[in-house]
Amino acid sequence: MKIENVSVWLKSLCLAMLFGLLSLGAAHAAEKRDFRSADTHLPDYPTVQAMQYMGKILSERTQGRLSITVFHSRQLGEETDTIHMSQAGAVDLLRISMSPFTDLIPETRVLTLPFLFSSDEHYQAVLNGPIGQEVLAAFEPHGFVGLAYYESGSRSFYTTKKPIKSLKDLKGLRIRVQNSDLIAATIEALGATPVKMSFGQVLTALETNIIDGAENNWPSYESTGHYKAAAHYSLSRHLRVPEVVVMSKSVWDTLSPDDQILIRQAALDSQQVMAQLWKERVDRARKTVEAANVQVYELEDIDAFQQAVKPVYDKFIRDPKLRDLVRRIRATKP
Ligand code: GTR
């Protein structure tokens, strides 16, 4: 073979290899992925529906290349289990309450503090503003990418035997809490005994008097059937813990920048659907439980509740960075 022919042949070989590599890359970028998402709630709950909507638009926008399967009803385990699974990359997405992150990610504590927000509008302004973004970004060093917040209203106490109308009524009661030291300390500061327990165990614990009560928003109080076992609902509104949509960081890092943008956008778009579904469900849940003879109470001494939880701030918000976040939350205009 002549020298010129050899060089032409070599050039063609190099080009062929280059195209080969490029098309391999393209095939990789175009890989079909079905993301597994975990949720503790039943299929008709707003969070599950909103995540399914996120999957639907993601699939439409990628001609079926990217999709989401929502494993609802704790099929993948309780919330704390799914946090560990997601850190390990075994579960791709979580729709989850922020509470079980408070022991792991210090910044999440500021949105979980009792009686911090003065109204729904104040809460929305914080979540949708720079502080909300900073808290979502704080997930990253811990193995998650924070994508969006979902609405979850406020949490109030419900009890089996007698209503909570004032601080003294909480004295000595065993109240179930989510897996969070901060929330356990809140209940303790209010004079009750916190019992950390997974969501799935609460109904039996209420029915068997292992606990005297729990606390949650209207839709969770209704969807779980807790109202049948604990028919006194006291509107303490002591917590407004947001729900979050997060992706496993190890999964996120395998995605192309374009796909990351698509996923972020789909999560944000699902937020609007969630807001609408949430509003409807709160009304429906309240009507359902009231029709089932649940008694609803307002607190007589909300100030006493607010005073009692002050030590929780001192204990959990020591770091100057967290203190500053709390100061900025208080200064945020609704
Ligand atoms: C609900 C929340 C769930 C779960 C539950 C609980 O309001 O949507 O994700 O955290 O509370 O109390 O465990």
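Whatever order the structure lists them in is the order used to number ligands and atoms, beginning at 1. Quick caveat: nothing in here was measured; it's all calculated off a predicted structure. Residue indices begin at 1 and follow the sequence shown.
Checked by distance only, ligand 1 and Gln178 come closer than 3.5 Å through their nitrogen or oxygen atoms.
Contact atoms of ligand 1 toward Glu79: 3 (C), 4 (C), 9 (O), 10 (O) (distance under 4.0 Å to a heavy atom of the residue). Numbered from 1 in the order shown, with element, the atoms of ligand 1 that lie under 4.0 Å from a heavy atom of Arg95 read 8 (O), 9 (O). Listed by number with element, the atoms of ligand 1 under 4.0 Å from a non-hydrogen atom of Asn216 are 1 (C), 5 (C), 6 (C), 7 (O), 11 (O), 12 (O). The ligand atoms of ligand 1 that sit less than 4.0 angstrom from a heavy atom of Phe199 are 5 (C), 6 (C), 12 (O), 13 (O). Of all the atoms in ligand 1, the ones that sit under 4.0 Å from a non-hydrogen atom of Thr40 are 3 (C), 9 (O). Which parts of ligand 1 touch Ser97 is read off a 4.0 Å heavy-atom cut-off, strictly below it: atoms 9 (O), 10 (O).
In this structure, Glu215 has no heavy atom closer than 4.0 Å to ligand 1. Under a 4.0 angstrom heavy-atom cut-off, Ser220 registers as being in contact with ligand 1.
Asp120 and Gln124 are not linked by any side-chain donor-acceptor pair at a separation below 3.5 angstrom, with hydrogens and angles left out of the test. Judged by distance alone, the side chains of His232 and Tyr297 do bring a donor and an acceptor atom under 3.5 Å apart. A donor and an acceptor atom, one from each side chain of Glu215 and His238, are located under 3.5 Å apart. A side-chain donor from one of Tyr150 and Ser270 sits under 3.5 Å from a side-chain acceptor of the other. Between the side chains of Tyr45 and Ser220, a donor-acceptor pair is found at a separation under 3.5 Å.
Scanning the protein for heavy atoms near atom 12 (O) of ligand 1, the closest one is Arg176 NH1, 2.7 Å.
The ring of Tyr221 has its center closer than 6.0 angstrom to the ring center of Tyr233.
Contacts between Val241 and ligand 1, counted as non-hydrogen atom pairs separated by less than 4.0 Å, are absent for every part of the residue.
With hydrogens and angles disregarded, a donor-acceptor distance shorter than 3.5 Å links the side chain of Arg109 to the backbone of Phe316.
At most 12 heavy atoms of other shown residues, nucleotides or ligands fall within 6.0 angstrom of atom NZ in Lys228.
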